[in-house]
2 protein chains.
Amino acid sequence: MSFTIKDVAKLANVSIATVSRIINNQTGYSEKTKKKVLEAIEELGYEPNAVARGLINKRTHTIGVLFPKLSSTLVTDLLSGIEKATHDVGSSVIVCHTESNGEKTMKYLQLLNEKRIDGIIFTSAPLLEEYYQYIKKMNVPMVLLSTETYAHPVPYVKVNDRHAAYTATQFLINKGHKKIGMISGNKDDIISGKPRIDGYISALQDNNLLVDEKKIIFNRGFSFYDGMDSLKILLKQAPDITAVFAASDELAIGAISSAYQLGIKVPDELSIIGYDNLSIAEMSVPPLTTVAQPLTEMGEMAANMLFEMLDSDKLIESRIMPHKIVERKSVRDQEV
Amino acid sequence: MSFTIKDVAKLANVSIATVSRIINNQTGYSEKTKKKVLEAIEELGYEPNAVARGLINKRTHTIGVLFPKLSSTLVTDLLSGIEKATHDVGSSVIVCHTESNGEKTMKYLQLLNEKRIDGIIFTSAPLLEEYYQYIKKMNVPMVLLSTETYAHPVPYVKVNDRHAAYTATQFLINKGHKKIGMISGNKDDIISGKPRIDGYISALQDNNLLVDEKKIIFNRGFSFYDGMDSLKILLKQAPDITAVFAASDELAIGAISSAYQLGIKVPDELSIIGYDNLSIAEMSVPPLTTVAQPLTEMGEMAANMLFEMLDSDKLIESRIMPHKIVERKSVRDQEV
DNA sequence: TTGTAAGCGTTATCAG
DNA sequence: CTGATAACGCTTACAA
């Protein structure tokens with residue numbers, strides 16, 4: 001039912017080549033024919049077929065974004081930034097939910113390849129060798145978002161997790177806390193697990209505070225439930241702590257919930273600092289003090305980098321985004 | 001760098017027609033040539049070009065999903081369901097963030113039209129006449145998700161808002177509450193504003209309880225901040241209430257935050273019930289009792305309906321999804 | 001069972 | 001300034 005460039009050409013009494021020139025803002029036609037053609041386009045309500053264009057131009061103006069999860073506002077914030085930057089340049093984004101599943105991821109990659117998308121943003125998960133090799137073969141640019149790889153020269157945008165964790169811990173120390181526990185993610189997660197633990201430990205050491213294995217809880221993930229369980233265990237192992245650094249906001253809010261159940265007042269009896277600054281951080285009771293990642297900006301940045309690579313295909317530098325403490329009500333001064 | 005069907009044909013020493021038949025599982029070739037071709041495909045790592053296929057088949061295996069916001073877990077839950085169902089049939093989803101902006105929406109619709117997507121899911125916002133007309137012209141199926149329209153025969157999937165609100169209010173009444181306030185969304189929002197207010201009022205009336213304008217707060221939206229402000233005003237206007245029904249979880253959690261600031265204990269001094277059952281509901285302190293919408297299932301349902309329409313192009317019925325109360329800790333019995 | 005060739009809706013390279 | 005015409009990578013009659 002859609003009209004084609006042929007219909008326009010016929011109605012305007014010109015060749016399709018001329019119509020093509022006009023809709024692509026090229027040169028080589030008179031004002032008069034331009035007007036004639038534009039009127040024909042208007043009259044028919046013609047809109048060019050991006051599929052046909054994609055076939056010949058080898059550019060689909062579509063990018064693929066891979067997410068391990070589609071469930072927290074971390075994703076929405078990231079996605080929101082990507083979507084904005086992408087739409088601003090007239091492209092669109094296809095979302096792919098991999099569930100951290102290798103097979104699903106490969107299937108998605110194949111789908112994206114068949115669709116001949118222009119580029120890939122790979123978020124929040126380790127870039128396995130298999131993925132890298134496949135994407136390399138696809139021959140499209142890719143940028144890593146909220147993750148990075150040491151094995152290959154792929155540009156990324158993320159905060160420095162180790163540094164951010166250090167900042168969070170130091171913040172607690174500055175408030176007078178000396179016995180500080182940590183609820184961490186997976187210590188085998190080399191991207192966002194280990195570095196945050198390292199940051200915590202470094203801060204302790206730099207302040208001559210004892211590092212105590214009992215004060216660190218290792219989890220599988222970064223979820224609310226992990227946080228709930230963790231606080232209970234932590235309190236059993238190290239009842240004397242006055243503050244805890246949680247490696248994600250969900251973990252932190254889980255801990256707050258646990259504290260509430262246990263009758264422990266936050267921050268009066270226990271201070272808690274989170275990591276991420278999701279929207280839930282300001283909704284919690286008490287509002288969560290946390291180290292903020294500029295998630296939306298990171299998404300925008302990643303998309304913009306991708307488009308830059310697309311246009312110039314020169315190498316591009318990675319970006320370490322700034323983090324900062326957002327102080328709310330879940331941490332209080334600790335008298336010495 | 002990608003190989004084409006021609007390369008495969010040449011390597012296998014057959015015509016491209018034969019290759020096409022084989023990769024499309026048609027009939028009309030010997031086992032021997034099939035084997036030969038499959039080997040060639042394997043050797044080259046050939047993957048069909050979906051763009052070229054789309055051009056000729058008039059099917060892009062891509063759908064567009066329009067969201068007014070990309071910021072809450074309501075969206076992620078919906079999206080997650082859509083994504084799953086879509087990927088299960090080998091299609092992909094393009095996300096469009098309209099910001100409830102008419103101009104942006106129209107631009108998106110145009111983009112989707114140029115991309116020749118197969119269908120549209122329109123979520124959580126009123127389907128303006130202008131949108132409807134445009135989509136009608138696009139001549140692709142559409143389904144409404146978490147919204148509906150009275151002006152046109154467009155299938156939708158949503159819960160019955162009025163009924164769900166009634167259920168929530170009745171739940172409060174069953175717990176012994178008689179003075180029940182409501183924090184509502186926009187009363188001019190005919191989809192999810194007005195019906196929830198009506199449901200609340202009906203429940204009151206059916207139980208011979210007084211309906212008092214002062215006990216209802218009208219907001220612009222459904223946000224956390226609206227909820228914070230609302231509770232303060234509500235308490236000023238009607239200090240004797242023992243329970244409140246909030247028209248969204250964010251509203252409810254905003255109210256809980258306000259109560260906390262005001263030194264009012266939830267649920268001991270004030271019971272609060274929400275609406276949506278987002279993931280934040282279980283993370284709040286106290287955990288929020290709320291009426292649940294099966295968001296992920298709704299997303300899946302909408303996508304499946306779309307594909308059904310695509311395959312059969314017969315008319316399809318709308319679905320009223322079931323709601324239910326999820327009882328947690330924010331509502332308590334009220335002694336008479 | 002197989003191959004040839006005509007499209008699908010564009011863009012781009014030629015001539016004129 | 002304008003118009004044929006050959007791609008782009010595929011599917012599908014129609015022949016062989």
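First the proteins, then the strands, lettered A, B, ... as listed; each starts at 1. Just so it is clear, the model here is predicted, and its values are computed rather than measured.
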Legend entry - Length of the CG-C1' vector between B/Asn113 and C/dG9, whole Å: 14 Å
Legend entry - Heavy-atom side-chain contact between B/Val159 and B/Pro294 under 4.5 Å: yes
Legend entry - Note, B/Leu310 side chain near B/Ile63 side chain (heavy atom, < 4.5 Å): no
Inset, instruction - Would you mind telling me which of C/dT10, D/dC10, D/dT11 lies closest to the side-chain atoms of B/Asn57? - result: D/dT11
Legend entry - Rounded (10°) bend between the five-pair end axes of the helix from C/dT1-D/dA16 to C/dG16-D/dC1: 50°
Legend entry - B/Thr123 side-chain N/O to B/Leu66 backbone N/O, donor-acceptor pair under 3.5 Å: yes
Legend entry - Atom-to-atom span, CZ of B/Arg53 to C1' of C/dG7 - whole angstrom: 17 Å
Inset, instruction - Would you tell me if any nitrogen or oxygen in the side chain of B/Lys58 comes within less than 4.0 Å of OP1 or OP2 on C/dG9? - result: yes
Legend entry - Test item: B/Gln110 and A/Glu47 side chains (from C-beta on) under 4.5 Å apart, heavy atoms: yes
Inset, instruction - Give a yes/no answer on whether the side chain of A/Ser20 brings an N or O atom under 4.0 Å of OP1 or OP2 in C/dT11. - result: yes
Between the protein and nucleotides 2-6 of chain C, list the N/O to N/O atom pairs that are separated by less than 3.5 angstrom.
residue	atom	partner	partner atom	Å
C/dT2	OP2	B/Ser30	N	2.9
C/dT2	OP2	B/Thr33	OG1	2.7
C/dG3	OP2	B/Ser15	N	2.8
C/dG3	OP2	B/Ser15	OG	3.2
C/dG3	OP2	B/Thr18	OG1	3.0
C/dG3	N7	B/Arg21	NH2	3.4
C/dG3	O6	B/Arg21	NH2	2.3

Legend entry - Salt bridge A/Arg59-A/Asp311, side-chain N to carboxylate O under 4.0 Å: yes
Legend entry - Distance below 4.0 Å between B/Gln26 side-chain N/O and D/dT12 OP1 or OP2: yes
Inset, instruction - Can you tell me the distance, in whole Å, between the CZ atom of A/Phe3 and the P atom of C/dG9? - result: 12 Å
Inset, instruction - Would you kindly give the NE2-to-P distance between A/His61 and C/dT10, to the nearest whole Å? - result: 14 Å
Inset, instruction - Answer with base, sugar-phosphate or nothing: what part of the nucleic acid does A/Glu31 contact at a heavy-atom distance below 4.0 Å? - result: nothing
Inset, instruction - Could you tell me the separation between the CG atom of A/Asp7 and the C1' atom of C/dC8, rounded to a whole number of Å? - result: 13 Å
Legend entry - Chi angles and distances behind the side chain to side chain donor-acceptor pair (under 3.5 Å) call for A/Asp118, A/Thr60: CA-CA 6 Å; A/Asp118 297 334; A/Thr60 50; 3.3 Å; yes
Legend entry - Close side-chain approach of A/Met138 and A/Ile117, heavy atoms under 4.5 Å: yes
Inset, instruction - Please tell me if the side chains of B/Phe222 and B/Asp189 come closer than 4.5 Å, counting only heavy atoms from C-beta onward. - result: yes
Inset, instruction - Could you tell me whether the side chain of B/Asn49 and the main chain of B/Val51 form a donor-acceptor pair under 3.5 Å? - result: yes
